[in-house]
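Not measured: the values here are computed from a predicted model. Each chain gets a letter, A, B and so on, in the order the sequences are listed, and its residues count up from 1.
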Amino acid sequence: NAGVTQTPKFQVLKTGQSMTLQCAQDMNHEYMSWYRQDPGMGLRLIHYSVGAGITDQGEVPNGYNVSRSTTEDFPLRLLSAAPSQTSVYFCASSYFAGGAIAKNIQYFGAGTRLSVL
Amino acid sequence: DQQVKQNSPSLSVQEGRISILNCDYTNSMFDYFLWYKKYPAEGPTFLISISSIKDKNEDGRFTVFLNKSAKHLSLHIVPSQPGDSAVYFCAASAQETSGSRLTFGEGTQLTVNP
């Protein structure tokens with residue numbers, strides 16, 4: 001059982017370049033999300049999706065785009081990379097929870113370490 | 001506005017002793033709280049959780065305590081082991097209003113010395 005798979009593991013970009021970070025899950029989870037982790041700031045939510053065709057912005061969405069055409073995949077696009085986007089990016093998935101207190105355990109991928117020069 | 005705060009960036013304890021990691025929150029809508037553990041070069045992994053209808057949840061060496069009136073939760077690890085050395089993140093969700101969306105604290109680096 002692969003869980004949440006992120007590719008690539010490492011990437012170096014030049015300022016202004018674009019790229020897509022891939023995320024795939026095989027647990028049939030409705031909810032998927034992208035976070036970035038920066039020193040001293042924990043994990044901050046970039047974008048999330050509650051199902052195929054539905055996406056919404058998180059806490060730090062500027063400079064990133066997402067789409068969700070299938071349940072399994074949730075790619076994150078950097079349109080024009082900037083040094084401020086140097087970070088470690090994590091994708092996570094879970095069953096969707098809402099309206100009642102229920103288990104909402106998000107499962108994370110291993111991360112993509114991105115450097116923008 | 002940091003809605004979930006872990007005020008201690010680091011904690012060092014001796015093997016066999018208790019580790020206590022603390023977390024404070026400001027949003028009274030939060031009703032579900034989780035602790036994640038993260039090793040270097042890996043993604044966070046779920047450790048233990050608690051819903052707002054409880055004040056304690058225990059799983060082996062790990063116990064989470066919730067004090068709703070103080071908007072405070074803590075993770076106790078007894079006894080601490082060197083393999084517990086990792087970054088611990090506290091997270092919270094308001095499932096009635098925001099569903100699965102999690103808000104994370106800054107993390108606490110725990111070091112357990114042999």
Side-chain angles (χ1 to χ4, degrees), chain A residues 2-7 9-10 21 23 25 27 29-51 54-61 74 88-113, chain B residues 1-10 21 23-25 27 29-54 57 59 64 66 68 86-109:
Chain A
V4 179
T5 303
Q6 289 185 240
T7 55
K9 290 193 184 329
F10 303 95
L21 280 64
C23 176
Q25 54 92 8
M27 296 175 281
H29 285 163
E30 301 96 336
Y31 186 88
M32 296 186 74
S33 53
W34 277 100
Y35 297 88
R36 58 178 289 173
Q37 183 194 6
D38 301 293
M41 303 190 77
L43 291 142
R44 292 183 293 167
L45 182 65
I46 305 171
H47 285 285
Y48 64 98
S49 168
V50 299
I54 307 170
T55 64
D56 205 347
Q57 296 182 350
E59 185 184 354
V60 288
F74 191 43
V88 182
Y89 292 85
F90 290 101
C91 178
S93 73
S94 72
Y95 292 109
F96 180 67
I101 297 175
K103 278 196 173 181
N104 172 30
I105 299 168
Q106 291 193 18
Y107 296 87
F108 285 80
T112 295
R113 186 174 294 273
Chain B
D1 177 30
Q2 188 71 21
Q3 296 187 63
V4 178
K5 195 144 184 67
Q6 295 175 254
N7 288 310
S8 298
S10 63
L21 294 93
C23 179
D24 296 295
Y25 62 96
N27 188 344
M29 299 299 292
F30 286 148
D31 54 19
Y32 191 67
F33 304 89
L34 307 90
W35 284 93
Y36 280 83
K37 176 177 172 179
K38 185 185 179 304
Y39 292 119
E42 295 183 9
T45 56
F46 170 74
L47 188 57
I48 192 169
S49 64
I50 189 167
S51 76
S52 59
I53 61 174
K54 295 186 175 181
N57 189 27
D59 183 2
V64 56
L66 175 62
K68 281 186 292 184
V87 177
Y88 290 78
F89 290 102
C90 169
S93 68
Q95 294 192 122
E96 291 275 350
T97 55
S98 302
S100 300
R101 180 168 172 165
L102 290 180
T103 301
F104 283 83
E106 304 94 325
T108 297
Q109 171 70 58

Please flag which part of A41(B) lies under 4.5 Å from any non-hydrogen atom of chain A: side chain, backbone, both or neither. backbone

Donor-acceptor under 3.5 Å (S8(B) side chain, S10(B) main chain): no

Quick check against the 3.5 Å criterion: does K38(B) have a side-chain atom that pairs as donor or acceptor with the backbone of F89(B)? no

Indicate the atoms forming the closest heavy-atom contact of R101(B) with Q57(A), along with that distance. NH1-O, 3.7 Å

Just to verify, what does K9(A) make a salt bridge (charged side-chain N to carboxylate O under 4.0 Å, His left out) with, not counting sequence neighbours? none

Short question: side chain of Q6(A), backbone of G111(A) - any donor-acceptor pair under 3.5 Å? yes

Main chain of G107(B), side chain of Q6(B): is a donor-acceptor contact present, judged purely on distance under 3.5 Å? yes

Is any residue of residues 32-40 of chain A within less than 4.5 Å of chain B by heavy atoms, and which ones? Y35(A), Q37(A), G40(A)

Measuring heavy-atom distances to chain B, does L45(A) have an atom under 4.5 Å in its side chain, in its backbone, in both, or in neither? side chain

Quick check on the interface: out of P9(B), C90(B), G43(B), who has the most heavy-atom pairs with chain A under 4.5 Å? G43(B)

In terms of ring plane angle, is the pair Y36(B) and F46(B) parallel, tilted or perpendicular, where the classes change at 30° and 60°? perpendicular

